[in-house]
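Heads up, the thing below is written out as structure tokens.
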Amino acid sequence: MWGVINGLNTFVLDFKSASSQKERAIIITGSKQGITNPPGNPAYNASKAAVKSLAEGLSWDFRGTSTSVHLLVPGWTHTGLVS
């Protein structure tokens, strides 16, 4: 969650203060577990649900502007963290 917040703090003010009408997009990577909340990893589910809520709130904040906000929810991804 803090990675998303820190990234947004870096760029969102520039997006809000820009006088250009050029279309922009903020894409936030979330997780399906933030939507479905399956059992087994409640801390992860809660953090991803918070990311989803943040994306929804930002989308509302940017309504009527040239900036759109999207939540990217990829499918299962095999990484070195998963055996």
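Only this structure's heavy atoms are used, side chains among them; waters, hydrogens and symmetry mates stay out.
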All heavy atoms of Leu71 vs all of Ala55, minimum pair found to be CB-CB, 4.2 Å
Restricting to non-hydrogen atoms, name the atom on Ser47 and the atom on Met1 that form the minimum distance, rounded to 0.1 Å. O-SD, 4.1 Å
Mind checking what makes side chain to side chain contact (heavy atoms under 4.5 Å, CB included) contact with Ser31, not counting sequence neighbours? Gln33, Tyr44, Lys48
Thr67 side chain to Ala25 backbone, donor-acceptor under 3.5 Å: no
Residue pair Gly40 / Pro42: nearest heavy atoms and the distance that separates them: C-CD, 3.7 Å
Nearest 0.5 Å please: distance from the OG atom of Ser68 over to the CD1 atom of Ile27. 7.5 Å
What I'd like to find out is whether the side chain of Val69 reaches to under 4.5 Å of the side chain of Asp61, using heavy atoms alone. no
Identify the heavy atoms of Pro74 and Gly30 that sit nearest to each other, and give their distance. CD-O, 3.8 Å
same_hphob_cluster(Ile28, Trp2) at 4.5 Å side-chain heavy-atom cutoff: yes
About how many Å separate CG of Asn37 and NZ of Lys32, when rounded to the nearest 0.5 Å? 10.0 Å
side-chain contact (heavy atoms from CB on, under 4.5 Å) between Thr36 and Asn45, intermediate numbers included: CA-CA 8 Å; Thr36 60; Asn45 295 351; over 6 Å; no
Decide yes or no for Ile26 and Val12: does some side-chain heavy atom of the first lie under 4.5 Å from some side-chain heavy atom of the second? yes
Partners passing side chain to side chain donor-acceptor pair (under 3.5 Å) against Thr29 (at least two apart in sequence or in another chain): none
Go through the steps to decide whether Leu58 and Leu8 satisfy the test side-chain contact (heavy atoms from CB on, under 4.5 Å), and finish with yes or no. CA-CA 10 Å; Leu58 269 180; Leu8 290 171; 3.6 Å; yes
If the condition is side chain to side chain contact (heavy atoms under 4.5 Å, CB included), which residues does Ile35 pass it with, not counting sequence neighbours? Lys52, Val73
